[in-house]
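Note that these values count all heavy atoms, side chains included, but never hydrogens, waters or copies made by symmetry.
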Amino acid sequence: MRIVMATAAAPALVGRTAPAVSAHQPTTDGIWRMDGHGTVLSLRDGTLREYQTTTVSCLEGDSAQRTGPGTYTMPDGTVLTVRTQGDRDRGSLRADGSVGERSLRRLPELPEACASPAPEGPLAAFDVFWQSFEENYPFFSAKGIDWHAVRERYRPRIHAGTTRDELYAVLGGMVEPLHDAHVAVQDGDRVFARVRPGTVVPTEELDAEVKKFVVARDLAHARSVQDFAHGRITYADLPGGQGYLRISGFGGYTDEPAPYAAQPAELDRALDTVLGRERTPRTKGLIIDLRINGGGSDALGIHLAERLTDTSYLAYSKRARNDPADPTRHTRPWPVYVTPARGPRYTGPVAVLTGGSTFSAGETFTQALMNRPGRTVRIGQPTQGVFSDVMSRELPNGMSAWLPNEEFLTRSGRTFDGTGIPPHLEEPVFTEEEFAERRDSAFDRALNVLRKARR
């Protein structure tokens, strides 16, 4: 989606009658500019419309229909909540599946560019593409990329007769050196994207292959191997008293599209068994395997972290670029906390297995455990290094660009974009040699660490 990045697909709720907005709540109708994110929202007559803006363009994006007081539902089922804050000229937006809020400031009217027809043609598409990254991408300096030099190199290749295939190849060539898995060029069914060198995309096929290996090798002598959440969560009691929890994504937990609320409900059904009152007291250590994890909802990762602590703590803070001309200026960091869940919780030692195929929400969950009270050790390889929600930007020719614009900060202000979160203990992860020799060094190391932790 384009307004915000959520991950759980859901049926539209547009057909429901929208309750009247309370007279005691200042109306959210009007025009709003979102801090950071290059977005203006129009809320009129029960419809929320998104306008994607740069200093050279304004293109209409997604829309949503009002389905409750201050709530709007997008065609994919994602629910957006808009509220005023303090006075009628400040507000906030929150989306299902995402963490934190986005600040809104009221405008008297749409920017002038949004009321004019958008320019068309290959050059216009190129300029909007380049400008979208120029104003929003946070990591050019860290990756040693001179984005202005990229423009000077590639723009002379574009002219009125440039074909769609030629433009697609040029845009892909511009972003390929970023090796950012949250960056992509989309044209219909084709998508150009690159991951960090030496890493592998966590596809369904890879997930199935690895799961088969893990069940046959690591869980051969386990008790009560169970699948939950449409097969995306697996749990087993290991012979030594440790538990093994494998999570291949933070979303997609239901068979059919459903509202986002069905996702944490399905996760809770799994966790009520995995971390139930009978099992938790006898669990001597917990392995959480994220080595093949395609990401999903950051909120679901926080939901799981809340089952692993008795003490509230800061998971991370989010901030976005907030000045088109100055990449050092950001929105105020939004703190995201882990608060203990009600009911049974596991607070003993945890070993988190990660690798280059640990993506996005798998990484934000890993980051959310860094300040976890108690013993938590990371084993394996660095994660992929992509944390931000993904902006989807429309181009004048119907193509789309995907890019990140946020940073997830540790308590000390550090980010792990590009490099990924490093392990405490490095071990190979699903290499050809490991498969050939039926080894799982990271899993074995985790068992040894947890056994020693209980002595």
With sequence neighbours left out, what residues match Thr415 under side-chain contact (heavy atoms from CB on, under 4.5 Å)? Glu407, Leu409, Asp417
Residue list, side-chain contact (heavy atoms from CB on, under 4.5 Å) with His148, at least two apart or on another chain: Trp130, Glu134, Asp146
Side chain to side chain contact (heavy atoms under 4.5 Å, CB included) test vs Pro404 passes for just one of Val386, Asp180, Asp389, namely Asp180
Quick check: does any side chain N or O of Gln381 sit under 3.5 Å from a backbone N or O of Glu427, one acting as donor and the other as acceptor? yes
I need the full list of ring-ring contact (aromatic ring centres under 6.0 Å, His included) pairs touching residues 284-324, with sequence neighbours left out, sorted by first then second residue. Tyr316-Phe408
Who are the side chain to side chain donor-acceptor pair (under 3.5 Å) partners of Arg153, not counting sequence neighbours? none
When Asp444 is tested against each of Arg451, Arg217, Arg438 for salt bridge (charged side-chain N to carboxylate O under 4.0 Å, His left out), which residue passes? Arg217
May I ask you to decide if Arg321's main-chain N or O and Asn136's side chain share a donor-acceptor pair within less than 3.5 Å? no
Are Tyr244 and Phe443 close enough that their ring centres sit under 6.0 Å apart? yes
Would the Phe213 and Phe435 ring centres measure less than 6.0 Å apart? yes
I'd like to know if the side chain of Arg372 and the backbone of Ala368 have a donor-acceptor N/O pair within less than 3.5 Å. no
Can you find a pair of side-chain heavy atoms, one from Asp35 and one from Arg332, that are under 4.5 Å apart? no
Under 4.0 Å between a side-chain nitrogen and a carboxylate oxygen: does that hold for Asp207 and Arg246? yes
Going by the ring-ring contact (aromatic ring centres under 6.0 Å, His included) test, which pairs reach into residues 330-373, not counting sequence neighbours? Phe250-Phe365
Taking Thr358 for the side chain and Gly355 for the main chain, is one N or O donor matched with an acceptor at less than 3.5 Å? yes
Report, one line per pair, each donor and acceptor closer than 3.5 Å where one atom sits in a side chain of residues 220-227; sequence neighbours left out.
residue : atom : partner : partner atom : Å
Asp227  : OD1  : Lys211  : NZ           : 3.2
Asp227  : OD1  : Thr234  : OG1          : 2.6
Asp227  : OD2  : Lys211  : NZ           : 3.0

